[in-house]
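Take a look at the structure set out below.
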There are 2 protein chains.
Amino acid sequence: MVVYELSDEQVNKVFRALADATRRDIVRRTLSAEVRVSDLAAAYDMSFAAVQKHVAALEAAGLVTKIARGRERIVRGQPDTIRHVQELLTAYEDIWLRRIARLDDFLADEAD
Amino acid sequence: MVVYELSDEQVNKVFRALADATRRDIVRRTLSAEVRVSDLAAAYDMSFAAVQKHVAALEAAGLVTKIARGRERIVRGQPDTIRHVQELLTAYEDIWLRRIARLDDFLADEAD
DNA sequence: GTAATATACAACCAAATGGTTGTATATGAG
DNA sequence: CTCATATACAACCATTTGGTTGTATATTAC
């Protein structure tokens with residue numbers, strides 16, 4: 001049920017974006033409510049520009065989108081991308097399960 | 001059903017480790033079969049030491065384990081850690097779903 | 001015992017990352 | 001119109017990353 005494949009580079013960006021506690025917190029906040037960039041900036045002990053960069057990284061990864069509302073920018077989390085990563089990890093689990101299945105078959109054959 | 005919580009730093013390492021196509025490929029290979037470090041090194045167009053570093057990053061993240069067998073090191077994927085990341089992402093989806101539920105409640109109240 | 005193999009690890013380097021400050025621009029308030 | 005607010009973005013810097021080569025050590029093969 002995958003809508004479109006992400007390129008390796010896109011997948012890199014998504015995982016890279018999630019590899020930072022501040023960015024994960026931004027994703028959490030923007031999934032539960034729409035917030036302005038300055039709301040986010042107020043939440044962390046770093047400069048506005050630093051938070052801006054984190055939001056930009058998340059946006060490039062497709063984990064959030066920014067829409068203009070007057071002079072403000074509303075940041076919204078993108079659950080679709082989260083789901084996409086989950087599907088990717090499920091594919092890894094499937095690889096593992098197939099291996100287990102092969103081992104089971106092997107053991108069953110041995111028992112004959 | 002989370003067995004133990006991963007620290008922010010551990011989560012960082014896991015996502016960081018997955019943010020590289022070579023490392024994701026190593027995870028795939030080691031999930032479907034046990035391979036030696038040199039088997040992996042033979043698979044990529046980079047030095048043995050570079051592959052060693054990738055394996056070390058995955059090991060630090062808990063995505064693979066290395067066990068000694070004579071002079072060889074057998075690398076095995078760790079599906080538990082994959083599953084842990086999936087659970088983490090499910091928590092994000094839940095945040096989103098709770099938001100949707102709140103919005104639904106709000107709309108239902110409006111309709112009264 | 002000697003040679004070959006498998007791995008480990010240090011030192012080095014270029015590029016990317018994650019922060020900073022400073023400046024510019026667009027919008028809203030009075 | 002003027003001032004304050006919200007954002008954008010460039011330049012800079014220290015640290016980390018992802019690769020390299022070179023050297024050392026442990027195990028296996030002959």
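Each chain gets a letter, A, B and so on, in the order the sequences are listed, and its residues count up from 1.
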_Any S47(B) side-chain N or O less than 4.0 Å from OP1/OP2 of dG19(D)_ =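 Answer no for this pair, as no side-chain N or O of S47(B) is under 4.0 Å from OP1 or OP2.
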*Hey, does the side chain of R36(A) come within less than 4.0 Å of dA6(D)'s phosphate (OP1/OP2), counting only N and O?*
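For R36(A), the contact criterion (side-chain N or O under 4.0 Å from OP1 or OP2 of dA6(D)) is met.
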Integer-rounded Å distance: [N] [atom2] and [X] [atom1]:
X	N	atom1	atom2	value
D45(A)	dT20(C)	CG	C1'	13 Å
R71(B)	dA3(C)	CZ	P	16 Å
K13(A)	dT17(C)	NZ	C1'	14 Å
F15(A)	dG18(D)	CZ	P	15 Å
Q52(B)	dT5(C)	CD	P	17 Å
K66(B)	dT7(C)	NZ	P	9 Å
D20(B)	dA15(C)	CG	P	18 Å
K53(B)	dA11(C)	NZ	P	12 Å

Given [options], identify the nucleotide with an atom nearest to the side chain of [X].
X	options	answer
E72(B)	dG28(C), dT7(C), dA8(C)	dT7(C)
R73(B)	dT21(D), dA8(C), dT20(C)	dA8(C)
H54(A)	dT7(D), dT7(C), dG19(C)	dG19(C)
V37(A)	dA6(C), dT7(D), dG22(C)	dT7(D)

*Taking side chain as C-beta onward, heavy atoms only, is V75(B) less than 4.5 Å from K66(B)?*
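A side-chain contact exists here, since the closest heavy-atom pair is under 4.5 Å.
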_Test item: T22(B) and V51(B) side chains (from C-beta on) under 4.5 Å apart, heavy atoms_ =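 Not in contact.
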*Starting at the 5' end of DNA chain C, which residue's closest nucleotide do you reach first, A49(A) or F48(B)?*
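Mapping each residue to its closest nucleotide by heavy atoms, the 5'-most match is F48(B).
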*Between R69(A) and M46(A), which is nearer to the 5' end of DNA chain C once each is assigned its nearest nucleotide?*
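First, find each residue's nearest nucleotide; the 5'-ward one identifies M46(A).
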_Test side chain to side chain contact (heavy atoms under 4.5 Å, CB included) applied to N12(B) and R24(A), step by step_ = CA-CA 10 Å; N12(B) 289 355; R24(A) 286 194 300 275; 2.8 Å; yes
*State whether a side-chain donor-acceptor pair under 3.5 Å links T65(A) with E59(A).*
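Absent: no donor and acceptor within the cut-off.
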*asked:* Under the criterion side chain to side chain contact (heavy atoms under 4.5 Å, CB included), I'd like the reasoning laid out for R28(B) against R23(B): C-alpha separation, chi angles, the key distance, then a yes or no.
replied: CA-CA 9 Å; R28(B) 272 186 288 263; R23(B) 285 194 295 262; over 6 Å; no
_Test: R29(A) and D39(A) ion pair at under 4.0 Å_ =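 Between D39(A) and R29(A) there is no salt bridge, as every charged N stays at least 4.0 Å from the carboxylate O atoms.
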*Should E34(B) and R99(A) count as an ion pair when the cut-off is N to O under 4.0 Å?*
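So E34(B) pairs with R99(A) through a salt bridge.
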Please produce a list of atom pairs where a protein N or O lies less than 3.5 Å from an N or O of nucleotides 15-17 of chain D.
{"residue": "dT17(D)", "atom": "O3'", "partner": "R16(B)", "partner atom": "NH2", "Å": "3.3"}

*asked:* Mind checking if S38(A) touches a base, just sugar-phosphate, or nothing, with heavy atoms under 4.0 Å?
replied: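 Sugar-phosphate contact only.
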